[in-house]
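A note on names: the letters A, B, ... follow the listed sequences, proteins ahead of strands, and every chain is numbered from 1.
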Amino acid sequence: MPESVRVRFAPSPTGHLHIGGARTAIYNWAFARRHGGAFVLRIDDTDPERSTEENTRAILSALRWLGIDWDEGPEADGAYGPYFQTQRRASYDAALARLKESGAIYPCFCTPETLAAKRETSRQAGGFSGYDRTCLGLDGATVAARLASREPHAWRLRVPDDHGDIVFVDAVRGETTFGIDAMDDFVVARSDGSPTYNFATVIDDVEMAITHVIRGDDHLSNTPRQILVFEALDATVPVFAHLSMIWGPDGKRLSKRHGATSVEAYRELGYLPEALVNYLALLGWSLDDKTTVIDRATLTGSFSLERVSRNPAVFDAEKLEWLNGVYLRELPAEEFVDRMVPWLVDAGLLSADEVAAMRFWLVELAPLVSERVKRLDELASKVAFFFADTVAIEESARAKVLETEGVREALDAVAEVLDALPDFSPAAIEQALRAVPETTGLKPKIVFQAVRVAVSGSTVSPPLFESLALLGKERSLDRIRAAVSSLAQ
RNA sequence: GGCCCGUUGGUCUAGCGGUGAGGACGCCGCCCUCUCAAGGCGGAAAUCACGGGUUCGAAUCCCGUACGGGCUACCA
(Lines give C-alpha, C1' and ligand atoms only; values in the text may rest on other atoms or scores of the structure.)
Protein backbone atom coordinates (compact mmCIF):
# COMPACT_ATOMS: atom_id res chain seq x y z
CA MET A 1 0.00 0.00 0.00
CA PRO A 2 1.36 3.36 -0.96
CA GLU A 3 0.29 5.63 1.87
CA SER A 4 0.21 4.33 5.38
CA VAL A 5 -2.94 2.53 6.34
CA ARG A 6 -5.39 4.32 8.59
CA VAL A 7 -8.62 2.65 9.61
CA ARG A 8 -11.29 3.54 12.10
CA PHE A 9 -13.97 2.00 14.23
CA ALA A 10 -16.79 4.44 14.91
CA PRO A 11 -19.28 3.08 17.41
CA SER A 12 -22.35 4.97 18.48
CA PRO A 13 -22.51 5.08 22.27
CA THR A 14 -26.17 4.19 22.32
CA GLY A 15 -25.55 0.91 24.08
CA HIS A 16 -22.84 -1.50 25.07
CA LEU A 17 -20.35 -2.97 22.62
CA HIS A 18 -22.28 -5.50 20.57
CA ILE A 19 -20.76 -8.73 19.30
CA GLY A 20 -21.14 -7.49 15.74
CA GLY A 21 -19.46 -4.21 16.57
CA ALA A 22 -16.69 -6.08 18.31
CA ARG A 23 -16.03 -8.12 15.21
CA THR A 24 -15.90 -4.96 13.10
CA ALA A 25 -13.45 -3.49 15.59
CA ILE A 26 -11.32 -6.63 15.54
CA TYR A 27 -11.12 -6.65 11.75
CA ASN A 28 -10.17 -2.99 11.63
CA TRP A 29 -7.60 -3.44 14.35
CA ALA A 30 -6.11 -6.59 12.86
CA PHE A 31 -5.94 -4.94 9.45
CA ALA A 32 -4.15 -1.91 10.87
CA ARG A 33 -1.70 -4.06 12.81
CA ARG A 34 -1.06 -6.26 9.82
CA HIS A 35 -0.10 -3.29 7.70
CA GLY A 36 1.67 -1.32 10.37
CA GLY A 37 -1.04 1.32 10.13
CA ALA A 38 -3.10 3.26 12.63
CA PHE A 39 -6.31 2.11 14.25
CA VAL A 40 -8.48 5.09 15.09
CA LEU A 41 -11.36 4.97 17.52
CA ARG A 42 -13.99 7.61 16.88
CA ILE A 43 -17.14 8.02 18.88
CA ASP A 44 -20.24 8.72 16.80
CA ASP A 45 -22.16 10.44 19.55
CA THR A 46 -24.28 12.73 17.42
CA ASP A 47 -27.54 11.26 18.61
CA PRO A 48 -28.08 13.24 21.80
CA GLU A 49 -31.16 11.25 22.78
CA ARG A 50 -29.48 7.89 22.99
CA SER A 51 -25.78 8.62 23.41
CA THR A 52 -24.40 8.57 26.93
CA GLU A 53 -20.97 8.96 28.48
CA GLU A 54 -21.59 5.81 30.41
CA ASN A 55 -21.99 3.83 27.20
CA THR A 56 -18.82 5.38 25.86
CA ARG A 57 -16.95 4.24 28.96
CA ALA A 58 -18.44 0.78 28.66
CA ILE A 59 -17.37 0.51 25.03
CA LEU A 60 -13.82 1.62 25.82
CA SER A 61 -13.56 -0.86 28.63
CA ALA A 62 -14.93 -3.69 26.52
CA LEU A 63 -12.38 -2.97 23.81
CA ARG A 64 -9.60 -2.86 26.36
CA TRP A 65 -10.74 -6.14 27.84
CA LEU A 66 -10.64 -7.69 24.39
CA GLY A 67 -7.13 -6.39 24.01
CA ILE A 68 -8.04 -4.21 21.06
CA ASP A 69 -5.83 -1.18 21.50
CA TRP A 70 -6.32 1.99 19.49
CA ASP A 71 -3.62 4.36 18.39
CA GLU A 72 -5.82 7.42 18.30
CA GLY A 73 -9.09 8.22 19.95
CA PRO A 74 -10.54 8.83 23.39
CA GLU A 75 -7.88 8.66 26.08
CA ALA A 76 -5.23 8.15 23.45
CA ASP A 77 -4.92 11.54 21.72
CA GLY A 78 -3.58 11.72 18.20
CA ALA A 79 -3.01 14.35 15.60
CA TYR A 80 -6.44 14.11 14.01
CA GLY A 81 -8.74 14.83 16.93
CA PRO A 82 -11.08 15.52 18.44
CA TYR A 83 -12.39 11.97 18.27
CA PHE A 84 -15.95 12.64 19.38
CA GLN A 85 -18.30 13.75 16.64
CA THR A 86 -20.05 16.15 18.97
CA GLN A 87 -16.78 18.06 19.19
CA ARG A 88 -16.26 18.24 15.47
CA ARG A 89 -19.08 20.58 14.50
CA ALA A 90 -16.67 23.26 13.32
CA SER A 91 -15.31 20.86 10.72
CA TYR A 92 -18.76 20.07 9.44
CA ASP A 93 -19.70 23.74 9.26
CA ALA A 94 -16.52 24.55 7.38
CA ALA A 95 -17.08 21.76 4.90
CA LEU A 96 -20.66 22.90 4.43
CA ALA A 97 -19.49 26.43 3.74
CA ARG A 98 -17.04 25.16 1.16
CA LEU A 99 -19.72 23.20 -0.63
CA LYS A 100 -22.11 26.17 -0.62
CA GLU A 101 -19.31 28.15 -2.18
CA SER A 102 -18.65 25.58 -4.88
CA GLY A 103 -22.32 25.07 -5.60
CA ALA A 104 -22.18 21.38 -4.85
CA ILE A 105 -25.09 21.75 -2.47
CA TYR A 106 -28.28 23.75 -2.58
CA PRO A 107 -30.94 24.74 -0.09
CA CYS A 108 -34.20 22.85 0.01
CA PHE A 109 -37.27 24.48 1.48
CA CYS A 110 -39.57 21.54 1.09
CA THR A 111 -41.22 20.52 4.33
CA PRO A 112 -40.83 16.99 5.63
CA GLU A 113 -44.58 16.55 5.19
CA THR A 114 -44.64 17.33 1.49
CA LEU A 115 -41.56 15.21 0.97
CA ALA A 116 -43.18 12.28 2.69
CA ALA A 117 -46.33 12.68 0.64
CA LYS A 118 -44.43 12.84 -2.64
CA ARG A 119 -42.31 9.90 -1.70
CA GLU A 120 -45.43 7.91 -0.97
CA THR A 121 -47.11 8.66 -4.28
CA SER A 122 -44.02 8.00 -6.36
CA ARG A 123 -43.44 4.77 -4.57
CA GLN A 124 -47.00 3.71 -5.33
CA ALA A 125 -46.33 4.48 -8.94
CA GLY A 126 -43.26 2.31 -8.78
CA GLY A 127 -39.71 3.19 -9.62
CA PHE A 128 -37.67 6.15 -8.44
CA SER A 129 -38.83 7.56 -5.15
CA GLY A 130 -36.03 10.04 -4.45
CA TYR A 131 -36.17 13.80 -4.24
CA ASP A 132 -37.76 15.45 -7.27
CA ARG A 133 -35.44 18.49 -7.24
CA THR A 134 -38.21 21.02 -6.75
CA CYS A 135 -35.86 23.42 -5.01
CA LEU A 136 -33.07 22.99 -7.52
CA GLY A 137 -35.42 24.58 -10.04
CA LEU A 138 -35.82 27.76 -7.99
CA ASP A 139 -34.21 30.82 -9.52
CA GLY A 140 -31.41 32.67 -7.79
CA ALA A 141 -33.46 35.63 -6.68
CA THR A 142 -36.13 33.45 -5.10
CA VAL A 143 -33.57 31.42 -3.26
CA ALA A 144 -31.81 34.54 -2.00
CA ALA A 145 -35.10 36.01 -0.82
CA ARG A 146 -36.24 32.89 0.97
CA LEU A 147 -32.83 32.49 2.54
CA ALA A 148 -32.91 36.10 3.67
CA SER A 149 -36.31 35.62 5.23
CA ARG A 150 -34.82 32.80 7.27
CA GLU A 151 -37.24 30.27 5.93
CA PRO A 152 -36.34 26.81 7.30
CA HIS A 153 -34.26 24.83 4.85
CA ALA A 154 -32.05 21.81 4.62
CA TRP A 155 -29.08 21.50 2.28
CA ARG A 156 -28.90 18.87 -0.38
CA LEU A 157 -25.97 17.54 -2.31
CA ARG A 158 -26.50 18.03 -6.01
CA VAL A 159 -25.75 14.87 -7.93
CA PRO A 160 -23.65 16.09 -10.87
CA ASP A 161 -25.63 15.81 -14.11
CA ASP A 162 -22.73 14.34 -16.04
CA HIS A 163 -21.90 11.75 -13.40
CA GLY A 164 -21.79 8.17 -14.61
CA ASP A 165 -22.79 5.16 -12.57
CA ILE A 166 -21.00 4.87 -9.28
CA VAL A 167 -18.57 2.00 -9.35
CA PHE A 168 -16.21 0.99 -6.60
CA VAL A 169 -14.24 -2.07 -5.77
CA ASP A 170 -15.26 -3.34 -2.40
CA ALA A 171 -12.34 -5.15 -0.80
CA VAL A 172 -14.51 -8.06 0.21
CA ARG A 173 -17.27 -8.05 -2.38
CA GLY A 174 -15.44 -6.97 -5.46
CA GLU A 175 -16.73 -4.50 -8.00
CA THR A 176 -20.05 -3.00 -7.05
CA THR A 177 -22.08 -0.69 -9.22
CA PHE A 178 -24.92 1.66 -8.36
CA GLY A 179 -26.81 3.24 -11.20
CA ILE A 180 -26.63 7.02 -11.06
CA ASP A 181 -30.32 7.22 -11.96
CA ALA A 182 -31.22 5.81 -8.61
CA MET A 183 -29.27 8.47 -6.75
CA ASP A 184 -31.15 11.48 -5.53
CA ASP A 185 -30.03 14.77 -4.06
CA PHE A 186 -29.88 13.71 -0.46
CA VAL A 187 -29.76 15.95 2.58
CA VAL A 188 -26.35 16.73 4.02
CA ALA A 189 -27.40 19.33 6.55
CA ARG A 190 -30.67 19.50 8.44
CA SER A 191 -32.69 22.67 8.85
CA ASP A 192 -31.14 23.15 12.27
CA GLY A 193 -27.73 23.18 10.61
CA SER A 194 -26.59 19.83 11.93
CA PRO A 195 -24.90 17.42 9.53
CA THR A 196 -26.49 14.10 8.61
CA TYR A 197 -24.66 10.87 9.18
CA ASN A 198 -23.62 10.35 5.57
CA PHE A 199 -22.08 13.80 5.57
CA ALA A 200 -20.41 13.86 8.97
CA THR A 201 -18.86 10.46 8.48
CA VAL A 202 -17.25 11.48 5.24
CA ILE A 203 -15.89 14.73 6.65
CA ASP A 204 -14.40 12.77 9.53
CA ASP A 205 -12.93 10.11 7.30
CA VAL A 206 -11.39 12.77 5.08
CA GLU A 207 -9.96 14.79 7.92
CA MET A 208 -8.70 11.74 9.73
CA ALA A 209 -7.05 10.56 6.51
CA ILE A 210 -8.81 7.21 6.65
CA THR A 211 -7.59 4.93 3.87
CA HIS A 212 -9.85 1.91 4.40
CA VAL A 213 -13.40 1.93 5.64
CA ILE A 214 -14.17 -1.49 7.09
CA ARG A 215 -17.72 -1.59 8.38
CA GLY A 216 -21.00 -3.45 8.47
CA ASP A 217 -22.95 -4.51 5.47
CA ASP A 218 -25.80 -2.23 6.44
CA HIS A 219 -23.75 0.66 5.09
CA LEU A 220 -23.23 -0.77 1.65
CA SER A 221 -26.13 1.20 0.21
CA ASN A 222 -24.85 4.36 1.84
CA THR A 223 -21.53 4.02 0.09
CA PRO A 224 -22.48 5.59 -3.27
CA ARG A 225 -23.91 8.59 -1.43
CA GLN A 226 -20.75 8.94 0.58
CA ILE A 227 -18.61 8.62 -2.51
CA LEU A 228 -20.50 11.57 -3.95
CA VAL A 229 -19.58 13.58 -0.86
CA PHE A 230 -15.92 12.60 -1.13
CA GLU A 231 -15.99 13.76 -4.72
CA ALA A 232 -17.74 17.02 -3.91
CA LEU A 233 -15.06 17.63 -1.32
CA ASP A 234 -12.42 16.77 -3.88
CA ALA A 235 -11.07 14.19 -1.51
CA THR A 236 -9.58 10.78 -2.19
CA VAL A 237 -12.17 8.04 -1.87
CA PRO A 238 -10.98 5.38 0.58
CA VAL A 239 -11.15 1.67 -0.03
CA PHE A 240 -14.40 0.21 1.28
CA ALA A 241 -14.82 -3.23 2.77
CA HIS A 242 -18.28 -4.34 3.84
CA LEU A 243 -18.75 -7.08 6.38
CA SER A 244 -21.86 -9.18 6.36
CA MET A 245 -24.10 -9.33 9.38
CA ILE A 246 -23.99 -11.73 12.28
CA TRP A 247 -27.21 -13.66 12.70
CA GLY A 248 -28.89 -15.52 15.50
CA PRO A 249 -29.61 -19.24 15.06
CA ASP A 250 -32.93 -18.35 13.43
CA GLY A 251 -31.29 -16.41 10.64
CA LYS A 252 -32.43 -13.08 12.01
CA ARG A 253 -30.16 -10.30 13.06
CA LEU A 254 -28.50 -11.18 16.37
CA SER A 255 -30.43 -9.60 19.23
CA LYS A 256 -31.14 -9.96 22.94
CA ARG A 257 -33.67 -12.65 22.41
CA HIS A 258 -30.87 -14.89 21.15
CA GLY A 259 -29.09 -14.54 24.46
CA ALA A 260 -26.01 -12.54 25.34
CA THR A 261 -25.11 -10.02 22.66
CA SER A 262 -22.71 -7.66 24.35
CA VAL A 263 -19.03 -8.23 24.90
CA GLU A 264 -19.53 -7.33 28.53
CA ALA A 265 -22.06 -10.14 28.92
CA TYR A 266 -19.54 -12.66 27.64
CA ARG A 267 -17.00 -11.42 30.12
CA GLU A 268 -19.51 -11.95 32.91
CA LEU A 269 -20.26 -15.42 31.61
CA GLY A 270 -16.65 -16.44 32.14
CA TYR A 271 -15.24 -16.22 28.66
CA LEU A 272 -11.62 -15.38 27.99
CA PRO A 273 -11.05 -12.33 25.80
CA GLU A 274 -8.55 -14.20 23.64
CA ALA A 275 -11.15 -16.89 22.95
CA LEU A 276 -13.82 -14.34 22.06
CA VAL A 277 -11.43 -12.50 19.74
CA ASN A 278 -10.42 -15.77 18.10
CA TYR A 279 -14.01 -16.86 17.66
CA LEU A 280 -15.19 -13.53 16.30
CA ALA A 281 -12.22 -13.30 13.96
CA LEU A 282 -13.24 -16.65 12.51
CA LEU A 283 -16.83 -15.59 12.11
CA GLY A 284 -16.40 -14.39 8.56
CA TRP A 285 -12.69 -14.77 8.07
CA SER A 286 -10.37 -17.73 7.73
CA LEU A 287 -6.65 -18.09 7.88
CA ASP A 288 -6.53 -21.16 5.68
CA ASP A 289 -8.43 -24.38 5.16
CA LYS A 290 -7.72 -25.91 8.56
CA THR A 291 -6.69 -23.55 11.31
CA THR A 292 -9.21 -22.86 14.04
CA VAL A 293 -7.15 -21.82 17.02
CA ILE A 294 -5.51 -18.55 16.11
CA ASP A 295 -3.68 -16.45 18.64
CA ARG A 296 -3.47 -12.71 18.62
CA ALA A 297 -0.04 -12.57 17.01
CA THR A 298 -1.09 -14.81 14.17
CA LEU A 299 -4.24 -12.81 13.65
CA THR A 300 -2.49 -9.45 13.51
CA GLY A 301 0.22 -10.99 11.38
CA SER A 302 -1.97 -12.55 8.76
CA PHE A 303 -5.38 -10.90 8.63
CA SER A 304 -6.47 -9.97 5.15
CA LEU A 305 -9.64 -8.58 3.66
CA GLU A 306 -9.34 -10.94 0.71
CA ARG A 307 -10.15 -13.83 3.00
CA VAL A 308 -13.22 -12.23 4.54
CA SER A 309 -16.36 -14.15 3.70
CA ARG A 310 -19.23 -12.48 1.89
CA ASN A 311 -22.10 -14.33 3.48
CA PRO A 312 -23.76 -13.70 6.78
CA ALA A 313 -22.68 -15.91 9.67
CA VAL A 314 -24.80 -17.48 12.35
CA PHE A 315 -23.36 -16.98 15.81
CA ASP A 316 -22.61 -20.41 17.27
CA ALA A 317 -22.44 -20.20 21.05
CA GLU A 318 -21.36 -23.83 21.32
CA LYS A 319 -18.30 -23.38 19.21
CA LEU A 320 -17.35 -20.32 21.23
CA GLU A 321 -17.63 -22.43 24.38
CA TRP A 322 -15.44 -25.12 22.94
CA LEU A 323 -12.85 -22.56 21.89
CA ASN A 324 -12.95 -21.01 25.33
CA GLY A 325 -12.23 -24.43 26.79
CA VAL A 326 -9.25 -24.77 24.48
CA TYR A 327 -7.80 -21.48 25.69
CA LEU A 328 -8.52 -22.33 29.30
CA ARG A 329 -6.65 -25.61 28.96
CA GLU A 330 -3.70 -23.99 27.28
CA LEU A 331 -3.23 -21.47 30.05
CA PRO A 332 -0.13 -22.11 32.17
CA ALA A 333 -1.09 -22.89 35.78
CA GLU A 334 0.12 -19.54 37.10
CA GLU A 335 -1.90 -17.73 34.48
CA PHE A 336 -4.92 -19.88 35.12
CA VAL A 337 -4.78 -18.98 38.80
CA ASP A 338 -4.79 -15.30 37.95
CA ARG A 339 -7.94 -15.73 35.91
CA MET A 340 -9.59 -18.06 38.38
CA VAL A 341 -9.06 -16.13 41.59
CA PRO A 342 -11.52 -13.30 40.93
CA TRP A 343 -14.25 -15.85 40.35
CA LEU A 344 -13.48 -17.70 43.55
CA VAL A 345 -13.36 -14.45 45.50
CA ASP A 346 -16.66 -13.42 43.97
CA ALA A 347 -18.19 -16.71 45.01
CA GLY A 348 -17.01 -16.09 48.54
CA LEU A 349 -14.74 -19.13 48.63
CA LEU A 350 -11.75 -17.11 49.67
CA SER A 351 -10.97 -13.51 50.40
CA ALA A 352 -8.66 -11.36 48.39
CA ASP A 353 -6.05 -11.15 51.11
CA GLU A 354 -5.78 -14.91 51.47
CA VAL A 355 -4.74 -15.29 47.87
CA ALA A 356 -1.05 -14.55 48.23
CA ALA A 357 -0.60 -17.08 51.01
CA MET A 358 -2.53 -19.70 49.10
CA ARG A 359 -0.87 -19.12 45.80
CA PHE A 360 1.22 -22.26 45.76
CA TRP A 361 -1.77 -24.36 46.69
CA LEU A 362 -3.89 -22.67 44.01
CA VAL A 363 -1.27 -23.39 41.39
CA GLU A 364 -1.54 -27.06 42.34
CA LEU A 365 -5.30 -26.89 42.07
CA ALA A 366 -5.27 -25.28 38.63
CA PRO A 367 -4.45 -28.30 36.48
CA LEU A 368 -7.07 -30.39 38.26
CA VAL A 369 -9.86 -28.13 37.07
CA SER A 370 -8.54 -26.27 34.03
CA GLU A 371 -9.37 -29.09 31.67
CA ARG A 372 -12.76 -29.67 33.20
CA VAL A 373 -14.38 -26.31 32.58
CA LYS A 374 -15.30 -24.42 29.49
CA ARG A 375 -16.05 -21.19 31.27
CA LEU A 376 -14.63 -19.48 34.33
CA ASP A 377 -18.07 -19.27 35.89
CA GLU A 378 -18.18 -23.05 36.28
CA LEU A 379 -15.14 -23.00 38.53
CA ALA A 380 -16.57 -22.05 41.91
CA SER A 381 -19.05 -24.89 42.13
CA LYS A 382 -16.42 -27.40 41.06
CA VAL A 383 -13.90 -26.46 43.72
CA ALA A 384 -16.20 -25.33 46.52
CA PHE A 385 -15.65 -28.53 48.51
CA PHE A 386 -11.98 -27.69 48.91
CA PHE A 387 -12.88 -24.51 50.75
CA ALA A 388 -15.79 -25.60 52.89
CA ASP A 389 -15.34 -26.81 56.44
CA THR A 390 -17.70 -29.69 55.92
CA VAL A 391 -19.39 -31.04 52.85
CA ALA A 392 -23.06 -31.50 52.31
CA ILE A 393 -23.41 -34.84 50.57
CA GLU A 394 -25.84 -34.87 47.70
CA GLU A 395 -28.80 -37.08 48.49
CA SER A 396 -28.63 -39.04 45.26
CA ALA A 397 -24.91 -39.63 45.72
CA ARG A 398 -25.47 -40.88 49.26
CA ALA A 399 -28.19 -43.26 48.17
CA LYS A 400 -26.38 -44.52 45.12
CA VAL A 401 -22.84 -44.78 46.42
CA LEU A 402 -22.60 -44.66 50.20
CA GLU A 403 -25.55 -46.79 51.09
CA THR A 404 -24.09 -49.79 49.37
CA GLU A 405 -23.34 -53.03 51.11
CA GLY A 406 -19.81 -52.98 52.52
CA VAL A 407 -19.08 -49.34 51.86
CA ARG A 408 -19.13 -48.34 55.49
CA GLU A 409 -16.50 -50.93 56.29
CA ALA A 410 -14.47 -49.98 53.26
CA LEU A 411 -14.44 -46.33 54.28
CA ASP A 412 -13.34 -47.37 57.72
CA ALA A 413 -10.48 -49.25 56.17
CA VAL A 414 -9.66 -46.28 53.96
CA ALA A 415 -9.48 -43.98 56.94
CA GLU A 416 -7.21 -46.35 58.71
CA VAL A 417 -4.87 -46.77 55.76
CA LEU A 418 -4.70 -43.08 55.00
CA ASP A 419 -4.11 -42.24 58.61
CA ALA A 420 -1.06 -44.43 58.56
CA LEU A 421 0.46 -42.64 55.57
CA PRO A 422 3.56 -40.65 56.43
CA ASP A 423 3.59 -39.08 52.99
CA PHE A 424 0.20 -37.74 51.85
CA SER A 425 1.08 -37.43 48.18
CA PRO A 426 -1.21 -38.43 45.31
CA ALA A 427 1.01 -41.40 44.49
CA ALA A 428 1.10 -42.63 48.05
CA ILE A 429 -2.64 -42.13 48.44
CA GLU A 430 -3.33 -44.04 45.26
CA GLN A 431 -1.16 -46.92 46.35
CA ALA A 432 -2.85 -47.07 49.71
CA LEU A 433 -6.36 -46.86 48.31
CA ARG A 434 -5.74 -49.51 45.71
CA ALA A 435 -4.77 -51.89 48.46
CA VAL A 436 -8.06 -51.44 50.30
CA PRO A 437 -10.37 -53.24 47.90
CA GLU A 438 -8.38 -56.42 48.27
CA THR A 439 -9.22 -56.54 51.92
CA THR A 440 -12.87 -55.56 51.55
CA GLY A 441 -13.80 -57.55 48.53
CA LEU A 442 -15.31 -54.47 46.85
CA LYS A 443 -14.27 -53.38 43.40
CA PRO A 444 -11.75 -50.51 43.41
CA LYS A 445 -14.16 -48.27 41.53
CA ILE A 446 -16.77 -48.72 44.22
CA VAL A 447 -14.36 -47.75 46.94
CA PHE A 448 -12.99 -44.79 45.02
CA GLN A 449 -16.47 -43.49 44.37
CA ALA A 450 -17.34 -43.86 48.03
CA VAL A 451 -14.30 -41.83 49.03
CA ARG A 452 -15.10 -39.28 46.35
CA VAL A 453 -18.62 -38.80 47.64
CA ALA A 454 -17.49 -38.67 51.25
CA VAL A 455 -14.91 -36.02 50.50
CA SER A 456 -16.48 -33.93 47.75
CA GLY A 457 -20.14 -34.59 48.39
CA SER A 458 -20.70 -35.56 44.78
CA THR A 459 -20.13 -38.43 42.36
CA VAL A 460 -18.29 -36.04 40.07
CA SER A 461 -15.14 -34.31 41.16
CA PRO A 462 -11.60 -33.51 40.11
CA PRO A 463 -9.21 -36.50 40.19
CA LEU A 464 -9.52 -38.23 43.54
CA PHE A 465 -5.95 -38.82 44.69
CA GLU A 466 -4.81 -35.34 43.81
CA SER A 467 -7.87 -33.88 45.45
CA LEU A 468 -7.24 -35.74 48.68
CA ALA A 469 -3.65 -34.58 48.70
CA LEU A 470 -4.70 -30.99 48.15
CA LEU A 471 -7.35 -31.21 50.78
CA GLY A 472 -4.81 -32.47 53.26
CA LYS A 473 -4.72 -35.52 55.43
CA GLU A 474 -6.62 -34.14 58.34
CA ARG A 475 -9.54 -32.73 56.44
CA SER A 476 -9.76 -35.78 54.24
CA LEU A 477 -9.92 -38.07 57.24
CA ASP A 478 -12.48 -35.87 58.96
CA ARG A 479 -14.80 -36.15 56.00
CA ILE A 480 -14.37 -39.85 55.54
CA ARG A 481 -15.02 -40.47 59.22
CA ALA A 482 -18.02 -38.14 59.16
CA ALA A 483 -19.43 -40.17 56.31
CA VAL A 484 -18.83 -43.39 58.20
CA SER A 485 -20.59 -42.17 61.28
CA SER A 486 -23.48 -40.81 59.23
CA LEU A 487 -23.89 -44.34 57.94
CA ALA A 488 -23.68 -45.98 61.33
CA GLN A 489 -27.03 -47.36 62.47
C1' G B 1 -42.31 -0.87 -5.26
C1' G B 2 -37.03 0.58 -6.63
C1' C B 3 -31.75 -0.20 -5.94
C1' C B 4 -27.90 -3.20 -3.94
C1' C B 5 -25.87 -7.70 -1.50
C1' G B 6 -25.89 -12.85 -0.26
C1' U B 7 -26.93 -18.63 -0.98
C1' U B 8 -21.03 -25.28 0.04
C1' G B 9 -23.29 -30.89 5.68
C1' G B 10 -27.42 -28.44 11.58
C1' U B 11 -23.46 -24.26 12.35
C1' C B 12 -18.52 -21.61 10.97
C1' U B 13 -15.77 -22.34 6.71
C1' A B 14 -11.77 -24.27 2.55
C1' G B 15 -12.36 -24.23 -2.59
C1' C B 16 -11.06 -19.51 -6.93
C1' G B 17 -12.45 -24.75 -14.53
C1' G B 18 -10.50 -31.15 -13.80
C1' U B 19 -10.62 -32.81 -5.75
C1' G B 20 -12.84 -39.25 -3.29
C1' A B 21 -15.82 -31.42 -2.28
C1' G B 22 -11.02 -30.59 2.82
C1' G B 23 -11.08 -28.74 8.07
C1' A B 24 -13.61 -27.11 12.75
C1' C B 25 -18.00 -27.11 16.26
C1' G B 26 -21.99 -30.22 17.40
C1' C B 27 -23.84 -35.38 17.10
C1' C B 28 -22.98 -41.00 17.29
C1' G B 29 -19.60 -45.23 18.35
C1' C B 30 -15.02 -47.36 20.17
C1' C B 31 -10.44 -46.82 23.07
C1' C B 32 -8.07 -44.71 27.42
C1' U B 33 -9.86 -44.21 32.54
C1' C B 34 -10.85 -43.51 40.01
C1' U B 35 -15.97 -39.95 38.47
C1' C B 36 -16.23 -35.98 35.09
C1' A B 37 -13.45 -34.00 31.59
C1' A B 38 -9.42 -33.93 28.31
C1' G B 39 -7.12 -37.00 24.63
C1' G B 40 -6.86 -40.89 20.58
C1' C B 41 -9.44 -43.52 16.67
C1' G B 42 -13.68 -44.12 13.60
C1' G B 43 -18.66 -42.75 11.74
C1' A B 44 -23.21 -40.36 10.10
C1' A B 45 -24.06 -35.71 7.92
C1' A B 46 -23.40 -31.38 1.37
C1' U B 47 -28.18 -33.72 -5.45
C1' C B 48 -22.32 -27.10 -3.58
C1' A B 49 -30.49 -22.95 -3.36
C1' C B 50 -33.01 -23.99 -8.23
C1' G B 51 -33.21 -23.63 -13.75
C1' G B 52 -30.73 -22.53 -18.09
C1' G B 53 -26.33 -21.57 -20.72
C1' U B 54 -20.53 -21.22 -21.86
C1' U B 55 -16.87 -25.29 -21.92
C1' C B 56 -14.03 -31.58 -23.65
C1' G B 57 -15.04 -30.58 -18.34
C1' A B 58 -18.41 -26.16 -13.59
C1' A B 59 -19.38 -25.61 -6.50
C1' U B 60 -16.07 -22.46 -9.36
C1' C B 61 -17.64 -18.21 -15.44
C1' C B 62 -22.55 -15.88 -17.59
C1' C B 63 -28.02 -15.21 -17.40
C1' G B 64 -32.55 -15.93 -15.05
C1' U B 65 -35.73 -17.74 -10.79
C1' A B 66 -36.58 -18.60 -5.67
C1' C B 67 -35.44 -17.53 -0.81
C1' G B 68 -32.91 -14.35 2.83
C1' G B 69 -30.83 -9.57 4.06
C1' G B 70 -29.71 -4.28 3.62
C1' C B 71 -30.78 0.64 1.92
C1' U B 72 -34.61 3.59 0.05
C1' A B 73 -35.33 9.50 6.62
C1' C B 74 -33.91 16.64 7.78
C1' C B 75 -31.72 7.92 12.15
C1' A B 76 -26.89 6.15 12.71
Between [N] and [M], how far apart are the two [atom1] atoms, rounded to whole Å?
N	M	atom1	value
B/rU35	B/rG69	P	49 Å
B/rA59	B/rG51	C1'	16 Å
B/rA21	B/rG64	P	30 Å
B/rG9	B/rG22	C1'	13 Å
B/rC50	B/rU55	P	23 Å
B/rU33	B/rA38	C1'	11 Å
B/rC71	B/rG53	C1'	32 Å

Please determine if a side-chain N or O atom of [X] lies less than 4.0 Å away from the OP1 or OP2 oxygen of [N].
X	N	value
A/Arg119	B/rA73	yes
A/Arg310	B/rC4	no
A/Ser286	B/rA14	yes
A/Arg329	B/rG39	yes

Using a 4.0 Å heavy-atom cut-off across all strands, classify [X] as base, sugar-phosphate, or nothing.
X	answer
A/Trp247	sugar-phosphate
A/Leu464	base
A/Phe178	sugar-phosphate
A/Pro249	nothing
A/Ser456	nothing
A/Phe465	base
A/His153	nothing
A/Ser12	sugar-phosphate
A/Gly284	sugar-phosphate
A/Pro463	base
A/Pro444	nothing
A/Thr14	nothing
A/Thr176	sugar-phosphate

Q. Between A/Ser129 and A/Arg434, which has a closest nucleotide on RNA chain B that is more 5'?
A.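 This one resolves to A/Ser129.
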Between A/Arg156 and A/Val373, the residue closer to the 5' end of RNA chain B by nearest nucleotide is A/Val373
Distance col, row A/Asp165:CG vs A/Asp181:CG, nearest 0.5 angstrom, shows 7.0 Å
Check whether more than 12 heavy atoms from other residues, nucleotides or ligands sit under 6.0 Å from atom CZ of A/Arg310, and answer yes or no. no
Give the nucleotide from the list [options] with an atom nearest to the side chain of [X].
X	options	answer
A/Arg452	B/rC34, B/rC5, B/rA37	B/rC34
A/Arg307	B/rA14, B/rC25, B/rC75	B/rA14
A/Lys319	B/rC25, B/rA38, B/rA76	B/rC25
A/Gln449	B/rG1, B/rU35, B/rC75	B/rU35
A/Glu466	B/rC12, B/rC71, B/rC34	B/rC34
A/Arg173	B/rC34, B/rA24, B/rC5	B/rC5
A/Leu220	B/rU72, B/rG26, B/rC4	B/rC4
A/Asn222	B/rU35, B/rC71, B/rG68	B/rC71
A/Thr292	B/rC5, B/rA37, B/rA24	B/rA24
A/Lys290	B/rG23, B/rG26, B/rC5	B/rG23

Complement of [N], any strand, by Watson-Crick or G-U distances under 3.5 angstrom:
N	answer
B/rG39	B/rC31
B/rC61	B/rG53
B/rA24	B/rU11
B/rC3	B/rG70

Taking the six-membered ring of A/Phe109, is NZ or CZ of A/Arg146 closer than 6.0 Å to its centre and within 45° of its axis?
->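 Judged by the rule, A/Arg146 and A/Phe109 form a cation-pi pair.
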Q | A/Arg479 side chain to A/Val455 backbone, donor-acceptor under 3.5 Å | A | yes
Practice item. May I ask you to check whether A/Phe315 and A/His258 place their ring centers less than 6.0 Å from one another? Key: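 Ring-ring flag for A/Phe315/A/His258: false, centres at least 6.0 Å apart.
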### Message
In this structure, is the centre-to-centre distance between the rings of A/Phe336 and A/Tyr327 below 6.0 Å?
### Response
no
Q.
Salt bridge or not between A/Glu335 and A/Arg339? Use side-chain N to carboxylate O under 4.0 Å.
A.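 Yes, A/Glu335 and A/Arg339 are salt-bridged.
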_Check this for me: does the side-chain of A/Ser221 come within 3.5 Å of the base of B/rG70 through a donor and an acceptor?_
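Answer is yes: a donor-acceptor pair is held.
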Review point. Between the side-chain atoms of A/Ser191 and the base atoms of B/rC74, is any donor-acceptor pair under 3.5 Å?
Key: yes
Once the angle between the rings of A/Phe303 and A/Tyr27 is folded into 0 to 90°, is it parallel (under 30°), tilted (30 to 60°) or perpendicular (over 60°)?
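Aromatic pair A/Phe303/A/Tyr27 classed tilted.
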Requested in this report: Mind telling me whether A/His153 and A/Trp155 have parallel, tilted or perpendicular rings, with 30° and 60° as the class edges?
Outcome: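 Ring orientation, 0 to 90° scale: perpendicular.
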